[in-house]
Amino acid sequence: GLFQADDRVRRRRQALQEDTREAEVEDRPSRNVVKVFSDETGKNQEFVCVASVWVLSGYEMFRLTRTILAWREGSPWARGELHFADLKRHHVDAALAYVDLIAANRTLLSFKVIAIERATLRRSVEEAVQRLHEHMLIRGAQHEIQSRRIALPQEISLTVDAEESLDAIACADIKRRAADEFQREHGAELTVGDVTAVSSHKSELVQLADFVAGAVNRRKNHRGERGYKDDIADAVIDRLGIQLQPNEIPGVDASAWFSL
């Protein structure tokens, strides 16, 4: 009767809609996702810096996280977080082993650092940190595209340490400004995914960003006598090829230094 006919029509429409959606998905180029993890440092020192780790595929993020977790089981940080600021002298060998682990697994990783002299600021440090994260995302994406480490279409997401300066409003502002800039430069080919703050204990890669940021801070801001943390910082910067000024290391496209 009438209800059966309506049911047949409804099923047919549903099938047509599903076919249309499948065709749209097939026609649409696959969008890769780059995951960026960043942390800030030096808010009360000469240089305010943001250091970031760029993971160029979702699978690589999963694989690297699993690799670090397996290594952790035999490390001093089997039950705790790894932060550069908390390193003690008896951690040196383990910290260097961590650096070597990252260096051995860095094929699909990039490192970006951006900094500004605090004395030149005409705004609060908190606002400056927000804008540093934003500029790091925009200029970092440009660097990845120009060095041909990523190809469009692409989505870029950002994760920051929830214990630092960025709240939900700041994250939304970063997302909006970066999205506007990506749209202006690349249209729909480059988009911003999530911009979120997570607790560092939930993310091995937020902790890696902290570790890199700590090493950069030690190199750029430490004015006291040289100590064991300087040795660890040197290892991070040298073994991961992190640049501390533009084009410092010829032929390296997997790291970049931006200054404002």
Side-chain angles (χ1 to χ4, degrees), residues 28-39 49-68 98-115 132-160 174-175 177-196 203-213 215-216 235-260:
R28 193 182 305 142
S30 61
R31 186 173 295 275
N32 300 310
V33 179
V34 173
K35 302 282 190 181
V36 182
F37 300 85
S38 67
D39 198 16
C49 307
V50 166
S52 61
V53 181
W54 294 57
V55 189
L56 304 189
S57 83
Y59 176 73
E60 182 62 16
M61 185 182 74
F62 167 76
R63 191 194 66 78
L64 182 60
T65 296
R66 192 174 55 183
T67 299
I68 296 171
Y98 175 71
V99 177
D100 285 340
L101 180 77
I102 303 304
N105 289 275
R106 64 155 302 164
T107 306
L108 292 177
L109 298 183
S110 294
F111 300 95
K112 320 280 186 208
V113 181
I114 188 166
L132 284 173
H133 280 279
E134 174 194 323
H135 282 282
M136 178 275 301
L137 199 60
I138 292 167
R139 293 170 68 174
Q142 290 170 345
H143 178 260
E144 289 296 301
I145 293 165
Q146 289 167 1
S147 62
R148 298 186 177 181
R149 283 178 60 80
I150 64 173
L152 301 177
Q154 199 77 229
E155 177 181 294
I156 299 179
S157 69
L158 173 64
T159 303
V160 301
I174 291 169
K175 179 171 181 172
R177 288 199 184 105
D180 287 348
E181 185 65 22
F182 289 169
Q183 172 72 27
R184 191 175 68 79
E185 290 287 329
H186 301 284
E189 292 284 277
L190 185 62
T191 58
V192 182
D194 294 332
V195 175
T196 53
S203 172
E204 293 298 327
L205 292 161
V206 168
Q207 289 180 56
L208 175 56
D210 167 278
F211 205 80
V212 172
V216 169
V236 172
I237 289 159
D238 296 343
R239 297 179 197 179
L240 300 184
I242 292 168
Q243 307 204 51
L244 294 184
Q245 59 188 34
N247 305 314
E248 180 182 28
I249 309 171
V252 169
D253 60 9
S255 76
W257 170 269
F258 311 121
S259 53
L260 295 175

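If you're wondering where the values come from, they're calculated on a predicted model, not measured in any experiment.
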Phe182 versus Leu137, closest heavy-atom pair with distance | CZ-O, 3.9 Å
Heavy-atom closest pair (Phe111 atom, Ile242 atom, distance to 0.1 Å) is CB-CG1, 4.0 Å
Can you see which heavy atom on Phe37 is nearest to which on Met61, and at what distance?
-> CZ-SD, 3.5 Å
Out of curiosity, Glu189 CD to Gln154 CD, how far, rounded to the nearest 0.5 Å?
-> 10.0 Å
Hey, does Gln146 have a side-chain heavy atom less than 4.5 Å from the side chain of His143?
-> no
Roughly how far apart are His186 NE2 and Glu181 CD, rounded to 0.5 Å?
-> 8.5 Å
I would like to know whether Val34 and Glu155 meet side chain to side chain contact (heavy atoms under 4.5 Å, CB included); could you show each step before the answer?
-> CA-CA 6 Å; Val34 173; Glu155 177 181 294; over 6 Å; no
Heavy-atom closest pair (Trp54 atom, Glu144 atom, distance to 0.1 Å) is CE3-CG, 4.0 Å
Does the side chain to side chain contact (heavy atoms under 4.5 Å, CB included) test come out yes or no for Asn32 and Ile150, once each step is laid out?
-> CA-CA 9 Å; Asn32 300 310; Ile150 64 173; over 6 Å; no
Decide, yes or no, whether a salt bridge links Lys35 with Glu60 under the criterion of side-chain N to carboxylate O below 4.0 Å.
-> no
Any chance you could measure Asp210, atom CG, to Ser203, atom OG, to the nearest 0.5 Å?
-> 11.0 Å
Is the shortest heavy-atom distance from the side chain of Val160 to the side chain of His133 under 4.5 Å?
-> yes
Backbone N or O of Ser255 within a donor-acceptor pair of the Gln243 side chain at under 3.5 Å?
-> yes
Spatial distance of atom CG (Leu64) from atom OH (Tyr59) [nearest 0.5 Å] | 11.0 Å
Value for CG (Leu56) from OG1 (Thr107), rounded to nearest 0.5 Å, stands at 10.0 Å
Hey, which of Val113, Asp39, Leu132 is the one that makes side chain to side chain contact (heavy atoms under 4.5 Å, CB included) with Val50?
-> Leu132
Shortest non-hydrogen contact from Arg106 to Ala103?
-> CG-O, 3.1 Å
Validation row: Asp194, Leu158 side chains within 4.5 angstrom (heavy atoms) | no
Between OG of Ser52 and CZ of Phe258, what distance do you get to the nearest 0.5 Å?
-> 8.0 Å
For the pair Thr196 (side chain) and Thr159 (backbone), establish whether a donor and an acceptor sit closer than 3.5 Å, ignoring hydrogens and angles.
-> no
Between Ile102 and Val53, is a side chain to side chain contact (heavy atoms under 4.5 Å, CB included) present by the stated rule, with each step listed?
-> CA-CA 11 Å; Ile102 303 304; Val53 181; over 6 Å; no
For side chain to side chain contact (heavy atoms under 4.5 Å, CB included), just list the numbers for Ile156 and Val192, CA-CA rounded to whole Å, side-chain angles, deciding distance to a tenth of an Å, and then say yes or no.
-> CA-CA 5 Å; Ile156 299 179; Val192 182; 5.9 Å; no
With no hydrogens and no angle check, is any side-chain donor or acceptor of Lys112 less than 3.5 Å from a backbone partner on Ala51?
-> no
Looking only at heavy atoms, what is the nearest atom pair of Leu108 and Arg149, with distance?
-> C-NH2, 4.2 Å
